[in-house]
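Data block below; observations after.
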Number of protein chains: 2
Amino acid sequence: MIENMPDTSTAHEVLAVVFQVRQLSSRNPQLSVLLWERAMDPQRGAWSLPGGRLRHDEDLTTSVRRQLAEKVDLRELLHLEQLAVFSDPHRVPGPRTIASTFLGLVPSPATPELPPDTRWHPVAELPPMAFDHGPMITNAHARLIAKLSYTNIGFALAPREFAVSTLKDVYDAALGYQVDATNLQRVLARRGVITPTGTTAKSGRSGGRPAALFRFTEARYRVTDEFAALRPPT
Amino acid sequence: MIENMPDTSTAHEVLAVVFQVRQLSSRNPQLSVLLWERAMDPQRGAWSLPGGRLRHDEDLTTSVRRQLAEKVDLRELLHLEQLAVFSDPHRVPGPRTIASTFLGLVPSPATPELPPDTRWHPVAELPPMAFDHGPMITNAHARLIAKLSYTNIGFALAPREFAVSTLKDVYDAALGYQVDATNLQRVLARRGVITPTGTTAKSGRSGGRPAALFRFTEARYRVTDEFAALRPPT
DNA sequence: ACAAAAGTGTTGCAGGTACACCCATGC
DNA sequence: GCATGGGTGTACCTGCAACACTTTTGT
């Protein structure tokens, strides 16, 4: 039995995939992820997810929030949820480190101050990624896409008040394909996910009917469309 | 800065919520979970999920498989997936231990040999549970219910060949409510999840038309019904 | 008036539920 | 024959997609 052999230390880190839909220079808004550039080896110059060592007196969620607040001064997270654990013994050089990943969402107009080595990158054009951070982003993106269709998670990406066309831009960017604004409105309204505020926006530079403004009914994550099939009897 | 203070050791354990639909004494089949009774303090007499310490040279999935095989002699797992991590610093007494939980599924007729301290318990009537293992089961059950409706995950609970009425019993037990056998057949057939074998079962003791036999088309986990709404354009 | 943007109405389809009805077997 | 369990057909309902059409604004 070698069960009781001394545990060569196993560290535990948390890593956050933080998304925001961001407008870059004139192009369409892009789903972007927060990354920082490594200044030292290993993998100097590659880009990393924010995060770090778990302290012995905090749980994972507390740790993510702390690290994002400390290192990136990011506090407007409207959604944070656990994703997969990456546990390959050789996923990083040096002492063994298990990584718990998180999905974080920041609403659209907020633009927190960032340290100089930190930047938002469109997920469609990622820079060279450190270690296994690339697959982590892929995983988080897939989860986001899935949840946009059966939960109200959009509230964490959209502005507090918005025209339907603005919301469409957010969904387009996050999903990676175009949704029909008409149907988006109806689907979300039918489910009670969005509510009209009663007010309207001013019409744009080139005319057009002024848009009614909406907001998400609830500012908390909720599953709105639980069963695709095999529903419980009514 | 106390960042570099020596890391008071943090252990990492894996815990498996293993489900099987089991027929107990004459009642309807019940969704059951595999538990072992603690013979020593802490929490002596309470029931625990199978699992244990992660070794420094294995990843989480390998660890779960090893521990289930070693301690419980359980090798017929047809499905195994990662669930949530439980990381409260005080979730167990003694040195801090982070728990990664897994969902495991065993098909219906298989009845592996079990050590004497280990037993299947219906999830509807759980015994006193150790630590935070109760919520872990709740979490796993919720995940199972959700995935039964939009994936082919039933293959990991059902017999290799079965009549639709048998499959209905499995789904009833796992979901916790009655599904209509007619519609279950149609939903799964339309999606190509089940295929008729061509053979039929013998009719029961009290007569009745003999049932056609089916099997799951694929013996691998697959999402069959990804989007509830906001589908990508065809 | 005309273009642009927003909003409404309508049609069609896909998938699911409920339930009545028909079929094959044991007794 | 009849009871029992299995299978099929059908009618209905809900929710979503697609797209034409109407409304309201700026110029």
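Below, chains carry the letters A, B, ... as their sequence lines are ordered, and counting in each starts from 1. Heavy-atom basis, side chains included; hydrogens, waters and symmetry copies ignored.
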> Rounded to the nearest Å, what distance is computed from the CG atom of residue A:L167 to the P atom of nucleotide C:dG7?
Replying inline: 12 Å

> Of B:L230 and B:V164, whose nearest nucleotide on DNA chain D comes first from the 5' end?
Replying inline: B:V164

> Any chance the rings of A:H133 and A:W47 have centres within less than 6.0 Å?
Replying inline: no

> Which pair of non-hydrogen atoms, one from B:S108 and one from B:V21, has the smallest distance, and what is that distance?
Replying inline: OG-O, 3.0 Å

> Which is true for A:A181 with a 4.0 Å heavy-atom rule: it touches a base, it touches only sugar-phosphate, or it touches nothing?
Replying inline: nothing

> Whole Å only: how far is the CD atom of B:Q178 from the P atom of C:dG16?
Replying inline: 20 Å

>> Rounded to whole Å, how long is the line connecting atom CD of A:Q185 with atom P of D:dA17?
In response: 13 Å

> Touch check for B:A212, heavy atoms < 4.0 angstrom, all strands: base, sugar-phosphate only, or nothing?
Replying inline: sugar-phosphate

>> For a salt bridge (charged side-chain N to carboxylate O under 4.0 Å, His left out) check, start with the C-alpha distance between A:K147 and A:E81, then their side-chain angles and the critical distance, and finish with the verdict.
In response: CA-CA 12 Å; A:K147 293 212 163 177; A:E81 76 176 276; 2.9 Å; yes

> To the nearest angstrom, how far is A:F227 atom CZ from C:dG16 atom P?
Replying inline: 14 Å

> Quick one: does B:R186 reach the base of D:dG7 with a side-chain donor-acceptor pair under 3.5 Å?
Replying inline: no

> Quick one: A:D169 CG to C:dA6 P, roughly how many Å, whole number?
Replying inline: 9 Å

>> Tell me if the CZ atom of A:R160 is crowded by more than 12 foreign heavy atoms within 6.0 Å.
In response: no

>> Regarding C:dG26, can its base be found pairing with the side chain of B:R209 as donor and acceptor, where the two atoms are less than 3.5 Å apart?
In response: no

> Considering only side-chain heavy atoms of A:N183, which listed nucleotide, C:dG16, D:dG7, D:dA17, is closest?
Replying inline: D:dA17

> D:dG6 C1' sits how many Å from B:K168 NZ, rounded?
Replying inline: 13 Å

> In whole angstroms, how far is the P atom of C:dA18 from the OH atom of B:Y177?
Replying inline: 11 Å

> Is there a donor N/O on one and an acceptor N/O on the other, under 3.5 Å, for the side chain of B:R190 and the base of C:dT17?
Replying inline: no

> Atom CG of B:D225 and atom P of D:dG15: how far apart are they, to the nearest Å?
Replying inline: 15 Å

> Which comes earlier along DNA chain D counting from the 5' end, the contact point of B:P232 or that of A:R231, where each point is its nearest nucleotide?
Replying inline: A:R231

> Base, sugar-phosphate, or nothing for B:T182, non-hydrogen atoms under 4.0 angstrom?
Replying inline: base

> Can you name the closest pair of heavy atoms from B:R65 and B:L77 and give their distance?
Replying inline: NH2-O, 3.9 Å

> From C:dT17, C:dA6, C:dA24, pick the nucleotide closest to the side chain of B:P210?
Replying inline: C:dA24

